[in-house]
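The structure appears right after this line, and notes come after that.
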Amino acid sequence: MRVQHRHIIYVQGYDPRGLAQYYRMFRTELRKFGRLYQLDATITRPQVAPDGETASWTIETKAGDWQTRTSYDFLRWEDLIQRDLAAPIWHTVFHAMWIYWRLVFGGTLARFWKAHWRFATFISYPHFLLFVEALASLGIAFAFGKGLQALGVPHLYSIAAAAALFVAALGTLLKYTENLTYLLYLLSDTIWTWEFSHRRRPQWDVRIERFAQYLATVARSSDAEEIVVVGHSSGSFLGAEILARALKLDPSLGRHGPRIVLLTIGGNFPIVGFHAVSRDFRDHLRLLAVEPSIDWIDCQSRKDVMNFYPFDPVAGHGIDVGAMRRNPTIVPVRFREIIKPEHYNLFRWKFFRVHFQFVMANERPHAYDFFMIVCGPIPLSERMARPEAALAVATGDAAAREWAWKRLEASAASRADAVDLGEMEPSARRRG
């Protein structure tokens with residue numbers, strides 16, 4: 001099957017920048033994608049829904065022997081995130097510290113460390129940085145207090161003045177170094193994920209339910225051949241929640257219309273699933289693991305410290321469904337293979353830049369290409385099952401493309417036969 005119309009539902013992570021900045025980035029990267037593969041891709045302006053919770057645009061892509069139309073929905077959380085970031089600095093600091101030490105003494109941080117030591121280090125980074133800034137502020141305050149005492153200021157007054165300076169200096173450091181350190185943003189993220197895991201964010205749950213209803217409506221009414229729910233970063237577990245809840249609303253969701261695929265990229269499922277109270281979330285992972293009408297592709301990268309690699313989103317949570325398991329397909333992504341060496345060496349230590357490479361344009365043709373997933377003619381499951389054929393369709397000559405399409409069509413036919421026979425595919429398939 002060749003895709004002529006695809007519907008993307010994009011679930012962003014905990015990113016306060018929201019629609020405007022994401023759309024600008026998407027449009028810029030789309031142009032790079034067109035230049036790389038020498039094709040024509042045009043994009044419409046975003047149209048915001050009356051409730052303000054979704055924005056949509058359309059991409060038309062034309063190559064030599066194929067053409068696609070992509071309906072792109074961007075699910076919005078930035079109003080909720082910006083509300084978090086508007087909290088007083090000291091409230092954010094003390095709340096995040098309290099949660100972090102609960103993670104330590106409750107054993108959750110140790111489970112993070114066992115699953116992926118780099119992510120555990122990353123989640124500890126803002127607290128280490130906070131300690132360093134507090135030490136620097138304390139040093140300034142201590143020197144100031146000693147200076148007052150040398151001038152003959154009574155001991156009690158000098159201590160009070162030094163304490164006031166410590167508070168002012170630390171607050172100033174936190175505020176004016178934020179653009180370099182992202183410390184307050186990361187502390188807010190820690191608070192949000194902990195409270196979300198403990199079901200203390202009812203506004204998020206309400207919106208997830210509305211998005212699940214929206215997905216069910218799209219699946220019933222769309223004329224697309226494929227619906228892809230894309231969850232990036234924290235959007236991975238949000239996307240899984242939306243899809244699982246949509247399946248509960250409509251158990252035949254993936255059977256009466258377009259093929260539905262969940263694509264999680266740069267995911268960090270354990271920051272929710274490793275909490276003992278997150279039983280509902282783990283039940284949703286269990287549902288997706290065995291659902292035969294849904295494909296779930298999970299892309300991970302060793303270089304990205306903000307995702308768990310290597311990690312099985314199902315077995316890693318202690319979920320065992322035996323022979324019934326068919327999801328997810330785990331796909332390693334090597335950024336070194338999709339970025340030119342001179343550019344890779346420039347940003348390889350910029351953790352946020354690396355993390356967003358999952359949703360940016362390639363500099364080298366590769367089977368993993370976010371914009372080819374969004375705009376290309378190959379269904380996502382077949383792209384991941386036959387990466388060499390997918391690449392040949394994008395870059396090969398006429399003979400190579402003909403061979404590639406035959407391979408892809410044979411793969412799609414064998415998958416369809418397996419579903420008809422009720423066969424289950426091997427669990428936790430790993431590509432690459």
Side-chain angles (χ1 to χ4, degrees), residues 1-8 10 22-46 57-72 74 224-226 228 230 232 261 263 265 297 299 301 331 333-347 353-354 356-412 431-432:
M1 179 182 72
R2 303 192 187 197
V3 175
Q4 294 181 306
H5 180 203
R6 177 182 289 108
H7 199 126
I8 300 288
Y10 181 83
Y22 178 82
Y23 178 79
R24 285 195 295 269
M25 181 188 77
F26 186 94
R27 184 177 58 190
T28 299
E29 299 301 310
L30 182 68
R31 291 169 182 158
K32 295 178 183 177
F33 161 72
R35 290 195 295 268
L36 176 64
Y37 293 101
Q38 298 181 348
L39 49 78
D40 182 41
T42 58
I43 184 172
T44 63
R45 297 289 300 170
W57 55 87
T58 301
I59 308 114
E60 299 277 354
T61 310
K62 298 179 182 179
D65 55 358
W66 57 264
Q67 178 175 338
T68 63
R69 173 170 58 92
T70 304
S71 303
Y72 201 99
F74 179 84
E225 290 91 4
E226 174 178 73
V228 182
V230 180
H232 174 241
V261 185
L263 172 64
I265 46 183
I297 312 293
C299 295
S301 175
V331 179
V333 178
R334 299 175 179 88
F335 291 149
R336 188 185 294 275
E337 296 177 356
I338 66 178
I339 298 297
K340 294 177 180 177
E342 60 271 25
H343 294 157
Y344 179 81
N345 291 329
L346 285 175
F347 75 72
R353 173 62 181 83
V354 170
F356 271 86
Q357 183 57 52
F358 280 108
V359 294
M360 299 177 75
N362 287 14
E363 294 182 347
R364 293 172 162 180
H366 194 273
Y368 180 85
D369 187 310
F370 179 71
F371 283 87
M372 196 59 85
I373 289 169
V374 169
C375 302
I378 302 172
L380 178 54
S381 297
E382 275 64 58
R383 167 175 292 278
M384 295 307 178
R386 296 287 181 267
E388 72 292 343
L391 188 58
V393 167
T395 62
D397 58 20
R401 291 197 301 274
E402 182 180 359
W403 164 84
W405 278 117
K406 288 179 179 178
R407 289 269 290 171
L408 291 164
E409 288 163 2
S411 173
R431 305 296 183 200

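Looking at residues two or more places apart in sequence or on another chain, you find a ring-ring contact (aromatic ring centres under 6.0 Å, His included) between His232 and His355, Phe356. Checked against side-chain contact (heavy atoms from CB on, under 4.5 Å), Arg24 has the following partners two or more places apart in sequence or in another chain: Ala20, Gln21, Arg27. With sequence neighbours excluded, the residues that form a side-chain contact (heavy atoms from CB on, under 4.5 Å) with Ala367 are Pro387. Partners of Arg69 under the side-chain hydrogen bond (donor to acceptor under 3.5 Å, both in side chains) rule, at least two apart in sequence or in another chain, are His5. Partners of Phe358 by ring-ring contact (aromatic ring centres under 6.0 Å, His included), not counting sequence neighbours, listed by chain and number: Phe335. Qualifying salt bridge (Lys or Arg N to Asp or Glu O under 4.0 Å) partners for Glu226, counting only residues two or more places apart in sequence or in other chains: Arg6. The side-chain hydrogen bond (donor to acceptor under 3.5 Å, both in side chains) check on Glu225 picks up nothing, with sequence neighbours excluded. Among residues two or more places apart in sequence or in another chain, the side-chain hydrogen bond (donor to acceptor under 3.5 Å, both in side chains) test is passed with Tyr72 by Tyr22.
For the atom pair CG (Leu380) and CD1 (Ile8), the distance works out to 8.0 Å, reported to the nearest 0.5 Å. Here Tyr368 contributes atom OH and Arg383 contributes atom CZ; the two are 10.5 Å apart, rounded to the nearest 0.5 Å. Considering OG of Ser381 and CD1 of Ile297, their distance stands at 5.0 Å, rounded to 0.5 Å. Of the inter-residue distances, the one linking Leu30 atom CG with Thr61 atom OG1 reads 6.5 Å to the nearest 0.5 angstrom. From Ile378, atom CD1 reaches atom CZ of Arg386 across 12.0 Å, with rounding to the nearest 0.5 Å. Note that CE of Met360 is 11.5 Å distant from CZ of Phe370, once rounded to the nearest 0.5 Å.
A side-chain donor-acceptor contact under 3.5 Å links Thr68 to the backbone of Cys375. With Thr58 contributing its side chain and Thr44 its backbone, the two residues share no donor-acceptor pair below 3.5 Å.
Taking 4.5 Å as the limit, every side-chain heavy atom of Val3 sits out of range of all side-chain heavy atoms of Glu382. Residues Val333 and Gln357 form no side-chain contact, since every pair of their non-hydrogen atoms from C-beta on lies 4.5 Å or further apart.
Between Phe74 and Tyr10, the two ring planes are parallel [angle under 30°; tilted spans 30° to 60°].
Within 6.0 Å of CD on Glu60 lie more than 12 heavy atoms contributed by other residues, nucleotides or ligands.
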Please tabulate, for side-chain N and O atoms in residues 36-43, each donor-acceptor pair with protein atoms closer than 3.5 Å (sequence neighbours left out).
from, atom 1, to, atom 2, distance (Å)
Tyr37, OH, Asp369, OD2, 2.7

Using the side-chain contact (heavy atoms from CB on, under 4.5 Å) rule, take Met25 and Val359 through it: C-alpha gap first, then chi angles, then the decisive distance, then the call.
CA-CA 9 Å; Met25 181 188 77; Val359 294; 3.9 Å; yes
Decide yes or no on salt bridge (charged side-chain N to carboxylate O under 4.0 Å, His left out) for Glu409 and Lys406, but give the supporting numbers first.
CA-CA 5 Å; Glu409 288 163 2; Lys406 288 179 179 178; over 6 Å; no
Check step by step if side-chain contact (heavy atoms from CB on, under 4.5 Å) holds for Met384 and Ile373.
CA-CA 10 Å; Met384 295 307 178; Ile373 289 169; 4.0 Å; yes
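Between Ala361 and Glu29, the shortest heavy-atom distance links the atoms N-OE1, 2.9 Å. Of all heavy-atom pairs spanning Ala392 and Ala404, the tightest one is CB-CB, 3.8 Å.
Sorted by first then second residue, the side chain to side chain donor-acceptor pair (under 3.5 Å) pairs that include residues 395-405, not counting sequence neighbours, are Asp65-Arg401. Under the side chain to side chain donor-acceptor pair (under 3.5 Å) criterion, the residue pairs touching residues 335-346 are Glu337-His366, His343-Glu363, with sequence neighbours excluded.
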